[in-house]
Protein chains: 4
Amino acid sequence: MTHQAISIEPRKLPRQVRAQATVDAILDATARILEREGLPSLNTNHIAETAGISVGSLYQYFPTKNAILTVIIRRKRQELLDELAEALGDMETENLDTTLDKLVEATIESKMNWPKLARTLEYADAFLPLAQETDDLKFQLVNRIAEFLEHHKIEGPRIVAQDIVAIVKGIIETASLAGQTDRASLKKRILRGVNGYLQLVG
Amino acid sequence: MTHQAISIEPRKLPRQVRAQATVDAILDATARILEREGLPSLNTNHIAETAGISVGSLYQYFPTKNAILTVIIRRKRQELLDELAEALGDMETENLDTTLDKLVEATIESKMNWPKLARTLEYADAFLPLAQETDDLKFQLVNRIAEFLEHHKIEGPRIVAQDIVAIVKGIIETASLAGQTDRASLKKRILRGVNGYLQLVG
Amino acid sequence: MTHQAISIEPRKLPRQVRAQATVDAILDATARILEREGLPSLNTNHIAETAGISVGSLYQYFPTKNAILTVIIRRKRQELLDELAEALGDMETENLDTTLDKLVEATIESKMNWPKLARTLEYADAFLPLAQETDDLKFQLVNRIAEFLEHHKIEGPRIVAQDIVAIVKGIIETASLAGQTDRASLKKRILRGVNGYLQLVG
Amino acid sequence: MTHQAISIEPRKLPRQVRAQATVDAILDATARILEREGLPSLNTNHIAETAGISVGSLYQYFPTKNAILTVIIRRKRQELLDELAEALGDMETENLDTTLDKLVEATIESKMNWPKLARTLEYADAFLPLAQETDDLKFQLVNRIAEFLEHHKIEGPRIVAQDIVAIVKGIIETASLAGQTDRASLKKRILRGVNGYLQLVG
DNA sequence: CATGAATGAGCTTTCATTCAT
DNA sequence: GATGAATGAAAGCTCATTCAT
């Protein structure tokens with residue numbers, strides 16, 4: 001008679017232009033609330049209000065609140081992945097330094113624009129049924145970087161790739177929590193960490 | 001998260017052993033739930049049940065649910081801080097490597113025993129009114145390490161200290177999420193990151 | 001994150017006296033609403049209000065709205081079954097007519113006191129996950145009557161039993177919908193139907 | 001059941017063939033849903049989808065959801081009534097047995113083709129504002145049969161007519177719930193009940 | 001003090017109905 | 001007329017917190 005909320009997949013595809021606008025408004029509103037107020041303040045009425053639509057409309061496109069979170073996570077992830085892929089794209093021709101430089105820059109961009117949002121999504125990932133998907137993506141990303149490292153004769157490339165990612169993320173998150181927003185200096189420090197690590201691998 | 005708490009200080013200082021035991025039971029139950037089921041499953045009835053007491057009793061010792069979280073965060077933090085202090089204690093006499101070694105080991109210990117709990121607390125910290133306290137503690141910790149680094153003639157010691165902490169945390173968290181539990185190899189990799197970074201500071 | 005509503009079994013057993021009073025108040029209120037206003041007007045807020053309690057209390061004892069309906073159905077059924085059992089109890093000693101008389105009287109009692117409630121429950125049974133339970137009970141009841149008929153040398157006793165039950169129910173329901181409340185004349189007509197049927201069996 | 005309807009009359013008399021086809025599609029879809037899934041699963045979007053039209057179109061032809069139910073009830077009723085009228089039509093010439101035979105057969109036909117639908121409509125009738133109409137129809141039907149009985153010198157013909165209808169309905173419903181679909185044997189049993197009753201009237 | 005029943009604000013979700021295109 | 005997006009009242013249900021015993 002009531003309340004199911006099991007699947008997390010988007011409900012129906014927006015066909016008309018205004019429908020797509022509604023979906024976007026929902027996602028934007030959600031992101032904005034997470035950035036400004038945090039997960040505990042996120043509720044569907046608040047989202048609808050912020051998006052300037054009715055709750056009913058929200059549920060036309062998303063079966064549950066978590067489904068919205070899921071879509072945002074997927075989108076943000078895809079964005080980052082695309083940028084990283086671009087950075088890694090020409091690994092045959094470019095040298096190690098240039099590529100690392102690009103990787104770091106892309107990651108900074110992704111995490112520092114909406115830092116609170118980024119952290120919340122990272123956290124939310126843990127309780128959404130996204131485990132497999134998340135693992136797959138991480139696997140892909142790490143693999144991609146590992147290939148690149150291998151091409152440059154670096155040993156144990158998968159572990160190294162994982163640790164590099166960890167270092168980049170670690171320094172960015174800590175700095176963003178400390179309110180440090182100077183991206184140039186941040187990049188310098190991250191590259192120090194990454195390059196330092198690499199030097200000690202051989 | 002509703003019913004916003006006014007105060008988050010523990011309601012009374014339990015003077016008797018029995019009372020202290022109850023408080024501990026509550027904190028343990030909360031930690032266990034967070035580790036096993038995560039924040040969304042944490043509610044006061046569940047805590048009370050797990051702790052083997054009644055909700056009423058719970059509220060004898062904690063004014064709000066968040067107060068419990070707050071105390072756990074403080075305790076875990078204090079534990080880590082104590083261990084780090086010990087590691088840093090004899091910085092006059094010990095050398096850099098030995099001390100870093102101890103620092104890393106203490107951090108691994110703290111984060112890997114209850115990895116999900118550790119991440120949850122880190123996240124929860126963000127929406128509890130702990131900002132000042134958290135900043136102070138981080139400030140202290142970074143300062144302490146910075147002093148130590150300065151003593152070893154390392155430049156820009158505060159930023160370096162912060163980044164080292166970030167690297168350690170970053171690698172541990174990523175590894176723990178990837179299910180890597182071999183602490184020895186983890187330590188080796190972390191020290192690679194830290195030492196690598198330090199080499200490139202000068 | 002919310003809303004499950006799968007099981008239909010009562011949630012926790014009332015231990016204190018006032019808890020039992022609450023459960024009773026809920027069941028009474030539900031029955032009253034069904035009798036007066038019908039199923040479409042039945043909602044948990046309305047029940048709670050009518051019962052003079054809060055919705056929260058309602059959900060302490062029943063996991064879903066349907067669970068309440070289920071319990072009422074079971075209770076009413078048990079009542080009827082007990083009375084029928086009593087009527088059938090001494091089938092060795094009593095004769096056919098006396099026993100049929102009692103059966104009919106018990107059924108009239110059960111269906112005519114709260115006629116709208118009785119019809120609603122009969123209907124609700126169809127969409128509650130009670131199929132097996134309902135079948136079992138009907139099987140039992142029919143079997144019990146069939147044994148009795150067999151003892152009186154009536155052929156095809158299971159089908160006959162089923163049809164007798166159907167005739168009794170049919171006449172009562174139609175009469176109650178037509179607003180006929182004279183139980184004596186009703187009984188006479190029902191017995192006419194039952195005895196007439198039996199005469200044509202042999 | 002919310003958003004109570006003011007009027008339940010069909011919104012317009014469809015004059016064109018296309019419109020009539022749409023109306024039929026809506027009614028068929030509704031009947032199909034009721035038979036397969038039951039009243040709790042009946043909602044206007046579901047109906048429209050099943051009928052292959054849009055909700056908007058549905059509301060071109062029916063002012064409320066209940067109006068659809070109402071029309072279905074009226075149609076099914078009319079069908080039954082027509083068949084019964086036919087069976088009773090030549091009551092001057094035909095004898096009692098033949099006529100009863102036809103009556104029973106028509107009723108079986110009406111109730112067994114879509115048993116769940118039939119029961120649902122019977123139930124729904126109770127909460128739709130059809131009371132007067134329903135009473136009138138029952139009155140007509142019972143009267144018609146009563147006349148026929150009177151013609152055959154049966155006493156108290158109105159009550160007898162009502163009880164005969166009740167017996168027929170009762171046995172059919174119970175049998176259909178029990179999954180008995182053999183119409184021949186069913187007819188035999190019903191006639192046993194009806195004739196038995198009639199024998200005891202005199 | 002402990003217990004656990006009770007409370008009710010607040011959140012999620014549905015669905016009959018309307019309305020812009 | 002048809003479409004399907006949008007609306008929002010209303011219902012289901014939870015859980016932090018209080019309070020009678």
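In what follows, chains are A, B, ... by sequence order, proteins preceding strands, each numbered from 1.
Across all strands shown, B:Ile47 has no heavy atoms under 4.0 Å from either base or sugar-phosphate atoms. Among the protein residues, A:Leu58 comes within range of no part of the nucleic acid, since none of its heavy atoms lies under 4.0 Å from any strand.
Of all heavy-atom pairs between C:Lys116 and C:Arg36, the closest is NZ-O, 3.6 Å. Smallest separation of non-hydrogen atoms from C:Phe127 and D:Pro40: CG-CG, 3.8 Å.
Side-chain N/O atoms of D:Thr44 include none lying less than 4.0 angstrom from OP1 or OP2 on E:dC15. Distances shown here put every side-chain N or O of A:Thr64 at or beyond 4.0 Å from the OP1 or OP2 atom of E:dT12. Proximity of A:Ser57 to the phosphate of F:dT7: a side-chain N or O atom is located under 4.0 Å from OP1 or OP2. When the side-chain nitrogen and oxygen atoms of A:Tyr59 are compared with OP1 and OP2 of E:dT14, none of them lie within a distance under 4.0 Å. Contact between the side-chain N/O atoms of D:Ser54 and the OP1/OP2 oxygens of F:dG4 is not found at any separation under 4.0 Å.
Of the inter-residue distances, the one linking C:Leu69 atom CG with C:Phe62 atom CZ reads 10.5 Å to the nearest 0.5 angstrom. How far CD1 of C:Ile68 is from CD1 of C:Ile73: 12.0 Å, rounded to the nearest 0.5 Å.
Distance D:Leu128 CG to E:dA16 C1': 15 Å, rounded to the nearest Å. Across the protein-nucleic acid pair, D:Leu39 atom CG and E:dC15 atom C1' stand 14 Å apart, rounded to whole Å. Rounded to an integer number of Å, the gap from D:Ile33 CD1 to E:dA16 P is 11 Å. The separation between A:His46 atom NE2 and E:dT12 atom C1' is 16 Å, rounded to whole Å. Atom pair A:Asn45:CG and F:dA11:P shows a separation of 16 Å (rounding to whole Å applied). Following rounding to the nearest Å, C:Gln20 (CD) and F:dT21 (C1') show an atom-to-atom distance of 18 Å. Across the protein-nucleic acid pair, B:Ile68 atom CD1 and F:dT17 atom P stand 9 Å apart, rounded to whole Å. Per the geometry, CD belonging to D:Glu49 stands 14 Å off C1' belonging to F:dT3, to the nearest Å.
Taking the nucleotide of DNA chain F with the nearest heavy atom to each of A:Ile53 and B:Asn43, the more 5' of the two is matched to A:Ile53. Nearer the 5' end of DNA chain F, as judged by each residue's closest nucleotide, is the contact made by A:Gly56, out of B:Gly56 and A:Gly56.
Listed candidates were E:dA2, E:dA16, F:dG4. Nearest to the side chain of B:Tyr61 is E:dA2. With E:dT12, E:dA9, E:dA16 as the candidates, the nucleotide lying closest to the side chain of C:Val55 is E:dA9. Side-chain atoms of A:Lys65 lie closest to E:dT13 of the nucleotides E:dT17, E:dA20, E:dT13.
Looking only at distances, a side-chain donor or acceptor of A:Thr30 sits under 3.5 Å from a matching main-chain atom of A:Ile26.
Residue side chain A:Gln60 does not reach the base of F:dA5 through any donor-acceptor N/O pair under 3.5 Å, judged by distance alone.
Of the charged side-chain nitrogens involved, at least one lies within less than 4.0 Å of a carboxylate oxygen, so that C:Arg77 and C:Asp125 count as a salt-bridged pair.
As the counterpart of F:dG12, E:dC11 is assigned, both hydrogen-bonding distances of the Watson-Crick or G-U wobble pattern falling under 3.5 Å. Look at F:dT7: its Watson-Crick or wobble partner, with both distances under 3.5 angstrom, is E:dA16.
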